[in-house]
Amino acid sequence: MTSWLIRRILLLVPVFLAVSVVIFLILHFIPGDPIDNLLKVGSSPQARAEMEARYGLDRPLPVQYGIWLGKVLHGDLGTAIVARRPVADLIAQALPHSLALGGLALLFSSAMGVMLGVIAALNRDRWPDRLIMGGVLAGSTMPSFWLGLILMLVFSVGLGWFPISGARGWTSLVLPVLTIGLGGTALVARITRVSMIEASARDFVMLLHAKGLSPLRIQLAHVLRHALIPVVTILALRIGWILGGAVTVEVVFARPGLGTLLIKSLSQHDYPVVQACLLMLAMAVMLGTLLGDILQALMDPRVRAAMA
Amino acid sequence: MTFPFRKTLLSASVSLAALFAGAAVMAQEAVFVLNTSEVGAPTYNPIKATNLNKATTLIFDRLVSQAADLSYHPWLAESWEEAPDGMAWTFHLKKGVKFHNGEPFNANTVKEWLELFKASENAYMTEAVAEVQVIDDATVKFVMSRPEPNLLYNLSSSYMSVIEPKSYKELGDNYGVTEVYGTGPFKLESFAIGQETVLTRNDDYTWGSPLSKNTGPAKIAKITFREIAEDSTAFLELKTGGVDMLLGVPADLIGEVKKEANLAVLTMPGQDVYYMPINVTKPPFDDIKVREAAAKAINQEEILASVFGGIGSVADTFLISALPEGHVPDADKIHYDPVRANALLDEAGWKMGANGVREKDGQPLKVSLWTQSDSIFRRLTEVVQAQLKAVGIEAEITTFDSSMIRDQYKTGEQQLAVRSYNWDNADIVDWFFGGDRLGYPNVSMFNDPKAEELRAKAMTGSKNMEERVANFTAYHDYVLTQFPMAPIYQPVDAVAYNADHLVLPDTINAPGIGPVAIMDMEVKE
Amino acid sequence: MSAAAPIRALRRPSGGVAGLWLALVALAAVAAPLLTPYAYDVQALREAYQAPSAAHWLGTDEFGRDLLTRLIYGARTSLSVSATAIAISVACGMVLGAAAAWFGGWFDRAVTVVVDLTWSFPEILIALILVAIIGPGTTGTMIAISVAYLAQFTRLTRAQIMTLKGETFIEAARSLGAGNAHILLRHLLPNALAPVLVSAMLATGDAIILEATLGFFGLGAQPPTPSWGGMMSAGSALVFKAPWIIIFPGLTVAITVIAINLYGDALIAALDIRAKLRRAA
């Protein structure tokens with residue numbers, strides 16, 4: 001197990017390097033130049049050269065990459081060119097908001113999704129199943145910005161229950177969490193339902209039934225535990241959504257967050273900020289896939305056997 | 001042992017209560033929303049910034065203040081004299097003024113402050129000042145390299161907010177970002193870029209501009225400036241009581257604000273002009289006839305009525321109508337004239353084709369029309385597109401992010417665009433049509449020898465204000481006759497506020513809502 | 001895929017209703033000029049912001065244009081952009097996935113790593129970054145969407161071929177002396193086709209939402225060309241003044257995507273490929 005884990009983690013090193021090259025290069029394909037945003041109009045070419053030298057943009061690309069990577073590995077994310085402050089500060093400002101929103105939305109959609117999935121599976125092909133699956137399907141097919149605006153119109157403007165925008169206190173989290181959470185619920189509910197149904201057909205369940213355990217107890221205590229593994233795996237694999245997938249909802253509710261920061265700095269060509277944001281996301285994604293692999297390994301007897 | 005525990009429990013529940021109270025406004029605290037054009041301003045450093053928000057004007061004071069009639073009045077300078085030849089200015093400074101960090105404000109401050117402008121983003125503000133002489137602790141003399149009739153205007157601009165030179169040098173790039181010290185009625189408590197800025201009252205403040213009734217300290221104890229990128233979101237916040245005032249309300253929302261019983265709108269003459277730059281170097285607009293036709297295809301009245309709900313006024317020159325330099329001969333003003341537009345296009349060889357698009361040598365009259373992503377620009381641009389189509393010009397819209405579009409202009413690839421500026425001085429003509437700023441800000445790529453000559457005369461050849469007005473009028477007039485742009489619309493400067501929470505002064509003797517108005521503002525208890 | 005499966009899917013009640021809606025939308029998109037007396041791009045500023053009425057069934061937008069007309073023409077843009085994007089994505093994904101599965105080794109490992117990483121990245125961020133590189137407009141969004149979904153189809157095709165590779169009929173073909181290319185093209189890809197096509201159909205639903213979202217950011221079809229996302233983008237700023245401008249396009253997107261999902265589910269049942277799809281997820 002340990003050697004497999006070490007090999008798996010070592011494999012992340014070349015992946016990380018490849019990802020960092022892609023992230024570094026992709027920005028240089030975007031037309032436009034952050035220096036343009038920064039230089040005063042009518043500046044001389046010398047002023048431009050000075051500014052480029054100051055941000056190291058005058059060196060050849062591989063050298064720039066080397067310097068950047070070296071700094072990143074030391075935990076130095078550089079200074080934002082347009083926002084003029086350490087990138088780490090900007091990320092530290094945005095990250096808690098993203099984690100709160102993404103984390104709560106994940107919690108909501110997991111809890112709701114598993115609950116609805118279980119109810120649907122227990123009532124397979126009867127009306128509660130149809131109703132739930134129809135409901136979660138409808139919830140996942142509405143564009144999130146649209147759903148967010150409608151929720152805002154009803155609950156904030158109409159009923160006055162929640163604030164319209166911003167990140168001020170827990171009340172401002174309710175509608176964004178609902179908006180994102182409803183979309184995620186569908187995925188979780190569908191997988192839970194299907195894996196519940198599949199798991200109930202397996203041999204050990206027959207055995208439990210034969211032992212005379214109550215069907216509900218079998219479902220909730222044994223079948224659900226097996227059924228949850230694919231759910232957790234999928235969620236781990238899609239961890240990038242927690243951090244970056246909320247961007248449209250952040251825009252609608254004027255909330256700060258990693259997605260907004262990324263989009264804003266992308267449009268301003270603020271290279272260091274975009275690079276740092278993407279790197280954060282990529283690292284989260286890599287950890288997510290690692291987690292997913294480990295979970296998959298743990299549940300797959302063939303892999304377990306190979307590791308032992 | 002129990003007592004401290006209960007105390008922490010108590011304080012915990014208090015802070016929890018504060019958390020639950022959320023956006024509720026407490027006594028003498030107010031939440032303002034910045035104008036959307038000021039969203040994302042990265043710094044409160046007036047010397048290096050190219051975009052400063054309204055909160056800046058509360059952190060800093062200026063030497064001179066400007067009244068509603070655009071006349072100049074004392075502020076940190078109690079009085080001043082200009083030498084008869086315009087080659088020297090002497091300022092007598094207010095005594096006892098202190099910066100937020102305790103440093104005194106005096107003649108040396110002014111000298112050091114002006115030196116910082118050299119080679120900065122806003123160097124042109126003090127370009128004509130050759131030397132600052134300290135006469136005594138409260139007197140400075142500006143020795144000029146040439147007469148600068150615009151000096152008082154520059155000194156009253158927010159870019160010439162008086163900063164504290166010592167901390168400015170110590171903090172470097174952090175000045176205006178992590179910390180900032182001015183002499184203004186409010187101190188910076190926190191600044192999260194693109195989100196919010198919190199200011200707290202400067203209780204020592206007694207040196208406010210005489211244009212407001214209250215010269216200090218301010219009545220409001222704490223102001224939060226929120227940055228909300230979308231006007232409709234900001235409006236809904238105001239409507240539901242989440243914020244107390246919007247510092248900029250677009251015309252199409254003014255009607256909505258007036259529908260609400262508890263909301264009020266205050267309008268003042270605006271400082272914005274919406275216009276359509278025409279790139280004079282890109283065919284077919286290298287032909288002045290086509291430029292004039294495009295300019296006269298724009299139906300300003302229709303835009304005013306339909307896009308802006310009839311609020312504000314049409315623009316027929318490049319300058320806001322309050323400026324004397326806008327008084328050009330009527331024949332040179334640019335008005336909607338579809339007959340002339342069609343005739344000019346016929347004359348230029350562009351004949352109407354079958355599908356309503358003109359053609360010449362088998363080529364359709366198809367041009368690009370650039371705009372920025374804010375919803376009001378997108379709406380206005382679609383109307384402009386339809387109006388151009390009406391005379392047979394097919395314009396293809398491309399939308400760019402508002403912060404990115406300046407870079408795009410620098411490519412010089414634009415043909416037509418819809419944009420706006422905010423400035424209340426005639427030198428904006430120089431800024432947007434100067435031959436040395438091609439691309440951006442000279443989006444029209446206008447570089448005309450005669451215009452350059454008139455421009456030099458207007459910028460540096462005026463000995464006094466009268467001469468400056470005459471020179472700028474001539475320069476502005478000539479630019480209009482070359483059609484490097486089409487004027488569209490002048491909005492009013494409108495703020496909307498919650499009348500149940502805020503009391504605004506009856507009269508505001510300033511060109512806009514700024515420190516003069518906010519010093520007299522009160523929160524209803 | 002047997003040709004009768006799409007018809008069989010229609011016989012199920014949900015599949016039938018969904019198929020009917022999709023046929024209606026597609027028909028409306030094709031026959032747009034015949035269905036409405038209004039033009040999608042002619043402004044009548046005096047008639048702006050009209051609520052739904054007999055003359056304008058869904059009301060008018062901020063330029064006085066008939067909303068239903070724009071919705072119908074918008075179907076052209078939204079459906080063609082999403083469908084084309086997914087078609088490109090499927091074509092590229094199948095080639096990449098098949099190659100990875102067939103050649104194996106370091107090539108397979110590299111493809112898998114890249115695909116897994118991009119698959120885990122939110123599609124909206126991938127698309128937004130790509131549009132920033134390519135530039136806004138229908139072509140830009142089309143490419144962005146196809147790249148955003150590339151990982152999904154590469155994964156799926158690879159997984160299909162990996163399973164099929166071990167099956168007896170492939171072994172049989174090989175023992176009969178069939179060449180690599182022959183086996184890949186005549187045996188493996190056709191067998192992998194059904195699940196890929198069905199999941200492509202489901203992805204088209206997601207792509208419609210993604211296209212709408214890009215339109216919401218102002219990056220999709222440029223005016224006056226209508227697209228569902230573009231209409232909602234304009235409507236979002238007018239939500240308290242003329243809510244119908246945003247409500248109807250949103251409902252159209254939701255109903256269309258639901259229909260695609262229901263029909264897709266019916267198709268999966270008709271083809272009996274549920275197990276094949278799950279294995280690849």
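On a predicted model such as this, the values are computed, not experimentally measured, just so you know. Per chain, numbering begins at 1; letters A, B, ... match sequence-line order.
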For a 4.5 angstrom cut-off between non-hydrogen side-chain atoms, does [X] reach [Y]?
X	Y	value
A:Val247	C:Leu125	yes
C:Ile255	A:Thr141	no
C:Ile209	A:Phe145	no
A:Leu137	C:Leu262	yes

Would you say A:Arg8 has more than 12 foreign heavy atoms packed within less than 6.0 Å of its CZ? yes

For [X], is it the side chain, the backbone, both or neither that has a heavy atom under 4.5 Å from a heavy atom of chain A?
X	answer
C:Ile124	side chain
C:Leu210	neither
C:Val239	both

Exam field: side chain A:Trp146 to backbone C:Ile246, donor-acceptor pair closer than 3.5 Å: yes

If you round to the nearest 0.5 Å, how far is [atom2] of [Y] from [atom1] of [X]?
X	Y	atom1	atom2	value
C:Ile129	A:Ile263	CD1	CD1	7.0 Å
C:Phe240	A:Leu153	CZ	CG	10.0 Å
C:Asn261	A:Met133	CG	CE	10.5 Å

Checking heavy atoms, do the side chain of [X], its backbone, both or neither come under 4.5 Å from chain C?
X	answer
A:Leu278	both
A:Val274	neither
A:Ser144	neither
A:Thr289	side chain
A:Val22	neither

Shorter than 4.5 Å, heavy atoms on both sides: which option in C:Leu251, C:Thr256, C:Asp206 has the most such pairs with chain A? C:Leu251

If you count heavy-atom pairs under 4.5 Å between each of C:Val114, C:Val113, C:Ile258, C:Ile260 and chain A, which one has the most? C:Ile258

Tell me which of these, A:Gly259, A:Ser140, A:Ala18, A:Ala282, has more heavy-atom pairs under 4.5 Å with chain C than the rest. A:Ala282

In terms of heavy-atom pairs under 4.5 Å with chain C, the winner among A:Pro14, A:Gly134, A:Ala284, A:Pro143 is A:Pro143

For C:Ala132 and A:Leu266, work out which heavy atoms get closest and say how close. CB-CD2, 4.0 Å

